[in-house]
Trainee: 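Have a look at the structure that comes next, please.
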Amino acid sequence: MTERKEKIAIIGAGLGGAVAGALLQHSGFDVDVYEQAPSFSRLGAGIHMGPNVLKIFERFGVDKQVVAISSTPSHWFSRDGLTGDYLSRIPLDGYGATYCTVHRGDLQALQCDQLKPGTLHFGKKLVRIDDNGTDVMLEFEDGTSVRADIVIGADGINSKVRETLLGYEKPNYSGWVGHRALISAEKLKKFDLEFEDCVKWWGPDRHMMVYYTTGRRDEYYYVTGVPHPAWEFDSAFVESSREEMASEFEGYHPIIQALIESTDEVTKWPLFNRNPLPLWSRGRLVMLGDACHPMKPHMAQGAAMAIEDAAMLTRCLEETGISGYATAFKLYEVNRRDRATRVQTVSNANTFLLHQEDPSWVYGYDVYAQPLKSESAA
Ligand code: FAD
């Protein structure tokens, strides 16, 4: 493929931005990625990557490496958090690619490694955007600036690109928090209990999702959804404790008690939301992932939607070239809005896979097999 000389700038090297960069570079575009963090560390969190995402990883040749660093559960079990009864047993094969659960930091590092050397710039916090119609100037907090022909805002729920397009608006606090903890599998050996590969424990008003985060199955991870009336902190997350977990899950199943007893460190994250945005792009600026459709994470598909967005946006830009960006951005929104909104709605409702159901509409989806709807379908 011939190299194109016009420049694409991506803001944010999170799970969506890094994949957008890798896919666009793979298609021959000239792309730089600007990330505010000075570097990425291996924070204590896992993530599901469904077959819908693995099909995209295959496109830029990283799928086998993702599988190699992941646990690959055969089923998603839903169980009653109090009695342990099985509410559903959902097979995770048969959707055209592997279902993975993985450490978020390992995945992010692998994704960033796919970017061409010298194109990922850390310590670049975007503070100002000027789209003058001909090109876009980006200013960073460190006083530097760059020019680009188009800009992709993959800068998460507090997106500066979203703010530029729609004005400042705080995200909505959902009234829920998620606790996250990684547990050494070694610690679980003393219990005469079976720790399943991928299981969601459901209570009347709270849940705990649990899975392995490595192919070696030496790290077990839980993430909760627990009601919490107000988020009173300024930071992205705060420390929680074994005692707090014990009180939140008092009376729950012995496996949950064993997990809490084995917890060394646990953090607590507020779950934020936004209502669907009136636009996904304007002029030379376009958004993807949490910048345009953040959701409560209960379907484990938030990053997946960011990555599907990245793949569809790349497809549309391949169709039009950068000079046809206005058409590409409209095509992209027409071909993504319904699916992203449906997933956002189901995820926020926290009902996915509670009962036996067919998840093909989520996992069987192949972004490359979708016929492109035309702009007029909007
Ligand atoms: P982000 O991953 O948030 O990345 C945005 C990036 O932009 C960050 O690196 C940030 O530093 C950078 N940035 C922000 N502002 C600027 C700026 N001004 N200048 C430069 N850089 C900037 N999703 C799943 O698919 N599966 C799961 O299992 C799952 N579990 C979750 C569990 C919890 C508790 C939570 C809270 C979320 C979970 N999600 C899950 C959702 C998922 O984390 C998000 O949907 C996903 O990270 C969105 O990706 P993104 O690339 O859009 O944004």
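Counting starts at 1 for both ligands and their atoms, following the listed order. FYI, side chains are in, hydrogens and waters are out, and symmetry mates aren't considered; it's all heavy atoms of this structure. Since this is a predicted model, take the numbers as computed values, not measurements.
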Trainee: Taking both backbone and side-chain atoms of K125, is any N or O found less than 3.5 Å from an N or O belonging to ligand 1?
Mentor: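 No, there is no polar N/O contact under 3.5 Å.
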Trainee: Tell me if the centroids of the rings in Y211 and H48 come within less than 6.0 Å of each other.
Mentor: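 Close enough - the centres of the two rings lie under 6.0 Å apart.
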Trainee: How about F329 and W280: are their ring centroids closer than 6.0 Å?
Mentor: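 Not under 6.0 Å, so no.
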Trainee: Is the charged tip of R180 near the ring of Y222: under 6.0 Å from the six-membered ring centre and within 45° of its axis?
Mentor: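 No, R180 does not sit over the ring of Y222.
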Trainee: Who's closest to atom 39 (N) of ligand 1 heavy-atom-wise, of P297, S347, A306?
Mentor: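 The nearest heavy atom belongs to P297.
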Trainee: Do any N/O atoms on I47 end up under 3.5 angstrom from N/O atoms on ligand 1?
Mentor: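 It does not: no N or O of I47 is found under 3.5 Å from an N or O of ligand 1.
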Trainee: Considering residues at least two apart in sequence or located in another chain, which fulfil the salt bridge (charged side-chain N to carboxylate O under 4.0 Å, His left out) criterion with E265?
Mentor: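 Scan of E265 (salt bridge (charged side-chain N to carboxylate O under 4.0 Å, His left out), adjacent residues dropped) gives none.
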Trainee: By salt bridge (charged side-chain N to carboxylate O under 4.0 Å, His left out), which residues pair with K64, not counting sequence neighbours?
Mentor: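 Per chain and number, K64 pairs via salt bridge (charged side-chain N to carboxylate O under 4.0 Å, His left out) with no residue.
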Trainee: Would you indicate whether D85, at its atom CG, is surrounded by more than 12 heavy atoms from other residues, nucleotides or ligands within a distance under 6.0 Å?
Mentor: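 For D85, atom CG is crowded (more than 12 foreign heavy atoms under 6.0 Å).
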Trainee: Taking atom 3 (O) of ligand 1 as the point of reference, which of A18, G156, A20 owns the nearest heavy atom?
Mentor: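 Considering heavy atoms of A18, G156, A20, the nearest to atom 3 (O) of ligand 1 sits in G156.
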Trainee: Is D290 close to ligand 1, meaning an N/O of one under 3.5 Å from an N/O of the other?
Mentor: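 D290 vs ligand 1: N/O contact under 3.5 Å present.
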Trainee: Have a look at G17, A303, G50, A310 and point out the one with the heavy atom closest to atom 25 (O) of ligand 1.
Mentor: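 The residue whose heavy atom sits nearest atom 25 (O) of ligand 1 is A303.
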Trainee: So, regarding A304 and ligand 1 (criterion: nitrogen or oxygen to nitrogen or oxygen, under 3.5 Å), is there a contact or not?
Mentor: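 Between A304 and ligand 1 (N or O atoms, distance only) the closest approach is under 3.5 Å.
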